[in-house]
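Data first, discussion second: the structure below is written as structure tokens.
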Amino acid sequence: MLLITRRSKLLRIIAVICIILPLLYLLFVRHERKRLSNYQAAEYNQQWVKPFLSDGPGNYEPQDLKPRIGPGENGQKHILRSDQKNAAQDSESEFGMNIACSDEISLDRSIVDTRDPECKRWNYPTKLPSTSVIIVFHNEGWSVLLRTVHSVLNRSPEHSLTEVLLVDDFSDKPHLGKKLEDYIESLDSRVRLIRNKQREGLIRTRSRGAQEAKGEIIVFLDAHCEVNLNWLPPLLAPIMRDRRTMTVPIIDGIDHNNFEYRPVYTYGHYFRGIFEWGMLYKENELGYKELSKQEYPTEPYKSPTHAGGLFAIDRNYFLEIGAYDPGLLVWGGENFELSFKIWQCGGSIEWVPCSRVGHVYRGFMPYNFGKLAKKKKGPLITINYKRVIETWFDDKYKQYFYTREPLAQFLDMGDISEQLALKEKLQCKSFDWFMKEVAYDVFDKFPELPPNLHWGELRSAANDRCFDTSGNGPPALMSLHYCHGLGNNQLIRLNEKGQLGVGERCIEADNQGIKLAFCRLGTVDGPWDYDEINKTLYHRVYQKCIALHPQTGHLSLMPCDNNNTYQQWIFKQIRPNYR
Ligand code: UDP
Ligand code: MN
């Protein structure tokens, strides 16, 4: 008996030691890591020397680049033979891009230097901070993923590139299994692969990459990029000056069909990231206010937001501000969350004209959102937007979002109390401050939205069918379809100023009929009057009413006739079944 109790006591002591010691060790490692990197952050700041222009090539400019010959070299387009059409089409539908074409192009191909020639003369700090380039991926094509890696290895300063960290978001394509591990093994010891145990979506996967990274600076890239010449030092220099600066390269386009590398802006023009009130990402040409702050046109400039996939940031700073809101799921809105958080909580975003990275814009999104999306009721991206605006917008601005996206009011965004607590803890400024001091040009393009007089489906009294965009983009004729109450194509809004909107588009009229059109930038006014009694939609300029043609179903403007049911339209709010 005594023996048993003594033994169990011993076991208990061993068990306690087994648990406590590793715990203490982990705490120590964490503390050391933080202490060390804060120290390093301070150190790299001391290494910072203001970039300067020289007459000749700058200190990181590549010398004696040998011309290369082959498919797609120099960023040229590569056209497949006609007998490869099937392979091309298959890969387009599997990956949203022509992997068959990409497969024929060297992983080390040369690309066209899209920088302003002045960029070649900048000199950056001679010692750069350690950098982890993080590439998250889900079911990407082999050659685009690896061309991203190769371009980073080929075009980054050796001493600064600590690692290329690949984070696999639970891909299930065979080529991304052991074959990828073997390839990485043979490539360069700085390339490292980690894998998620379940699908997390790109947002959480990037946050995980940041946790796991070893570098002082982390740079995120999509898994279908090609970095351009001397892309990294210009991204790092502003962060060395101020660790709360996030930097963004200028994102050139790589054609998803023929892999031609093209500059995104016409020569000498620069843009910055903004947004419209439905939280779609937009860009606006750099205005006088920003240009006047620059000594040289190739210097970095401030931007309110960024597109999302490609940027550099101090690793510890990113973790201090909570990385991405972990409540954001899979894809969308995270670029705004990070932008608002950085600006409102004391940091800044700079776009860097001398750092260029090509990105393949896909034809369509080839993946679904997996199990994560199934748990949620309603459109996931709009749920993300709602979390972001409820955390960062002031009440006045939230209204613009709900005016533009009326169904968002019914969505369950989950718990945001931790986000609000973080905002409090970091003593972040108001959205009004952000709009006035940073994003002052948003209103030039997307003015304050007046309330909707009516929103919902717009039904014909004559045939019980509803206005529908049929999924077309502008310009296109509007038509009527059976009413399904599901929003998007049939969710029509009439605002107090007479603008008839559907999504980010407007409904206008010309002599061909009633059309889906691009809304005019800088105004929220429109030509429409809705007559509540006669149910007519009257065009103030043409002084006519929207009419349905009884035989053809065509929508056009006709002389108003209050007794004609073909001119009667009924707005009915949609109540989605989200709960
Ligand atoms: N991605 C991911 N998990 C996902 C969806 C995407 O890791 O659930 C990766 C994807 O492979 C890519 C990056 O996240 O490297 C950005 O996604 P994508 O390129 O589809 O976004 P887009 O450029 O179209 O905004
Ligand atoms: Mn992408």
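All values reported here derive from a predicted model rather than from experimental measurement. Ligands are counted one by one from 1 in listed order, and the atoms in each one are counted from 1 as well.
- Excluding water, every protein N/O/S atom under 2.8 Å from the Mn ion (ligand 2) is given here by residue and atom: Asp222 OD2, His224 NE2, His359 NE2.
- For Glu276 and Lys282, the salt-bridge test fails: no basic side-chain N is under 4.0 Å from an acidic carboxylate O.
- The pair Glu290-Lys302 does not meet the salt-bridge criterion, since no charged nitrogen lies less than 4.0 angstrom from a carboxylate oxygen.
- A cation-pi arrangement, defined by a distance under 6.0 Å to the six-membered ring centre and an angle within 45 degrees of its axis, is present between Arg272 and Tyr440.
- In this structure, Arg199 pairs ionically with Asp169, as a charged nitrogen and a carboxylate oxygen lie closer than 4.0 Å.
- Residues lining ligand 1 at a heavy-atom distance below 4.0 Å are given as Val136, Phe137, His138, Glu140, Asp169, Arg199, Gly201, Leu202, Asp222, Ala223, His224, Val330, Trp331, His359, Arg362, Tyr367, ordered by chain and residue number.
- Counting only distance, with no hydrogens or angles, the side chain of Glu163 and the backbone of Lys214 share a donor-acceptor pair below 3.5 Å.
- Ion pairing between a basic and an acidic side chain is recognised when a charged N comes within 4.0 Å of a carboxylate O; Arg195 and Glu181 show such pairing.
- No salt bridge links Asp255 with Lys77; every basic N to acidic carboxylate O contact stays at or beyond 4.0 Å.
- Checked against the 6.0 Å centroid criterion, the rings of Tyr361 and His359 qualify as a close aromatic pair.
- Salt-bridge annotation for Arg243 and Glu216: absent, with no side-chain N of the basic residue lying under 4.0 Å from a carboxylate O of the acidic one.
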